[in-house]
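One structure is given here, and the rest of the page talks about it.
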Amino acid sequence: MTMNGTEHETAEDLWVFGYGSLLWNPGFPVAEARPARLHGWHRSFCMSSIHHRGTPARPGLVLALDAARDAHCDGLAFRVAAAHAGATIDYLRERELVSSAYLETRLAVVFHDCGTRREDVLTYVIDPGHVQYRGDLDLETQARIIAGAVGGRGPNDEYLYNTALHLSELGLADADLDWLVDRVRALAATE
């Protein structure tokens with residue numbers, strides 16, 4: 001199958017793991033969405049954003065999957081019909097690999113509803129060796145950055161609020177995001 005000039009040979013459905021903006025803005029045709037857990041990784045505002053939620057002069061922060069022992073990340077596994085798999089991969093590469101801070105990988109997830117393990121799920125993880133990696137920031141510093149940054153896709157706090165809202169609606173708790181929402185709102189109230 002040829003899509004957008006890129007060769008993709010796929011006779012199977014594609015599974016994609018969403019943990020941040022893909023939860024509320026996948027941008028590709030979703031045949032099915034299932035809550036799933038990824039082990040060995042956690043959702044973190046550990047990527048400096050100089051395109052979508054910040055600028056080179058005032059970087060914002062976006063979520064990435066950061067490796068951590070005994071960690072897990074709850075999100076959605078999206079099934080994309082085989083007919084749309086190639087175009088979806090092209091779209092995700094254009095969207096997620098804009099600065100090469102993410103690494104495209106295939107990992108295993110476990111579906112919440114049945115405990116079944118699904119191998120070979122496409123997702124994007126942070127490259128800890130990339131200049132945009134900011135795994136050294138505490139939550140207070142993250143909140144202050146998120147409260148003030150704006151990029152090509154809008155305010156950084158909007159990204160935080162949308163992600164936290166959708167996680168809450170899905171019943172997927174994330175204590176760090178909940179704390180950040182409260183703190184960023186408090187910072188906005190003092191401006």
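The first residue of the sequence shown is numbered 1, and numbering continues consecutively from there. Atoms considered below: every heavy atom in the structure, side chains included; atoms not considered: hydrogens, waters and symmetry mates.
- At a threshold of 4.5 Å between non-hydrogen side-chain atoms, the residues Tyr19 and Leu65 count as touching.
- Taken together through direct or relayed side-chain contacts under 4.5 Å among Ile, Leu, Val, Met, Phe, Trp and Tyr, Leu139 and Val181 form part of one hydrophobic cluster.
- For Ser168 (side chain) and Ala164 (main-chain N/O), no donor-acceptor pair under 3.5 Å exists by modelled atom type.
- Here the side chains of Arg134 and Ser44 are not in contact, with every heavy-atom distance at 4.5 Å or above.
- Proximity of Leu22 to Phe28: side-chain heavy atoms (C-beta onward) are separated by under 4.5 Å at one or more points.
- Within 6.0 Å of the CZ atom in Arg58, the count of heavy atoms belonging to other residues, nucleotides or ligands does not exceed 12.
- Gln142 contributes a side-chain N or O that, together with a main-chain N or O of Leu137, makes up a donor-acceptor pair within less than 3.5 Å.
- Going from atom CG of Leu165 over to atom CG of Leu23 covers 10.5 Å, rounded to the nearest 0.5 Å.
- Looking only at side-chain heavy atoms (C-beta outward), Leu103 and Asp127 come within less than 4.5 Å of each other.
- The distance from the CG atom of Leu172 to the CG atom of Leu177 is 11.5 Å, given to the nearest 0.5 Å.
- Considering every non-hydrogen atom in both Ala36 and Ala77, the closest pair reads CB-CB, 4.0 Å.
- In this structure, Val150 is not a member of the same hydrophobic cluster as Met47, with clusters built from ILVMFWY side-chain heavy atoms closer than 4.5 Å.
- Between Phe17 and Phe78, the ring center distance fails the sub-6.0 Å criterion.
- One hydrophobic cluster holds both Leu97 and Leu122 under the rule that ILVMFWY side chains link at heavy-atom gaps under 4.5 Å.
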Dump the intermediate steps for side-chain contact (heavy atoms from CB on, under 4.5 Å) on Leu107 and Val109, then the final yes or no.
CA-CA 7 Å; Leu107 298 170; Val109 299; 5.8 Å; no
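- Follow the hydrophobic side-chain contacts under 4.5 Å out from Val110 and you never reach Leu167; the two are in separate clusters.
- A distance-only check finds a donor-acceptor pair linking the side chain of His166 to the backbone of Asn162 [under 3.5 Å].
- Rounded to the nearest 0.5 angstrom, Arg34 CZ and Cys114 SG are separated by 4.5 Å.
- For the pair Val16 and Val121, the minimum side-chain heavy-atom distance is 4.5 Å or more.
- Using a cut-off of 4.0 Å between Lys/Arg side-chain N and Asp/Glu carboxylate O, Arg118 and Asp120 are scored as not salt-bridged.
- The heavy-atom pair separating Ile126 from Tyr102 by the smallest distance is N-CD2, 4.3 Å.
- A donor-acceptor pair is defined here as one N or O able to donate and one able to accept, closer than 3.5 Å; such a pair exists between the side chain of Gln132 and the backbone of Ser48.
- The salt bridge (charged side-chain N to carboxylate O under 4.0 Å, His left out) analysis of residues 37-56, with sequence neighbours excluded, yields the pairs Arg37-Asp74, Arg43-Asp174, Arg53-Glu158.
- To the nearest 0.5 angstrom, His52 atom NE2 is 13.5 Å from Thr55 atom OG1.
- To the nearest 0.5 Å, atoms OG1 (Thr141) and CD1 (Ile146) are separated by 10.5 Å.
- Linking ILVMFWY residues whenever their side-chain heavy atoms come closer than 4.5 Å, directly or via other members, leaves Leu63 and Ile50 in distinct clusters.
- Nearest heavy atom pair, residue Val30 against residue Glu32, reads CG1-O, 3.2 Å.
- Checked against the 6.0 Å centroid criterion, the rings of Trp24 and Tyr161 do not qualify as a close aromatic pair.
- Side chain to side chain, Arg95 and Ser21 meet the donor-acceptor criterion of an N or O pair below 3.5 Å.
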side-chain hydrogen bond (donor to acceptor under 3.5 Å, both in side chains) assessment of Tyr124 paired with Glu96
CA-CA 7 Å; Tyr124 294 87; Glu96 303 297 335; over 6 Å; no
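- No side-chain donor-acceptor contact under 3.5 Å links His39 to the backbone of Cys73.
- Here the side chains of Ile89 and Leu14 are in contact, with some heavy-atom distance below 4.5 Å.
- The shortest non-hydrogen separation linking Ala64 to Cys46 is CB-SG, 3.8 Å.
- Atom CG of Leu187 is separated from atom CG of Asp182 by 11.0 Å, given to the nearest 0.5 angstrom.
- Under the 3.5 Å distance criterion, the side-chain polar atoms of Asp157 are left unmatched by any main-chain donor or acceptor of Val184.
- The shortest distance between side-chain heavy atoms of Leu61 and Asn156 falls below 4.5 Å.
- In this structure, the side chains of Phe111 and Pro35 stay at 4.5 Å or more apart for every pair of heavy atoms.
- For residues 140-150, every residue pair satisfying the salt bridge (charged side-chain N to carboxylate O under 4.0 Å, His left out) rule, not counting sequence neighbours, is listed here: Glu140-Arg144, Glu140-Arg183.
- For Asp66 (side chain) and His42 (main-chain N/O), no donor-acceptor pair under 3.5 Å exists by modelled atom type.
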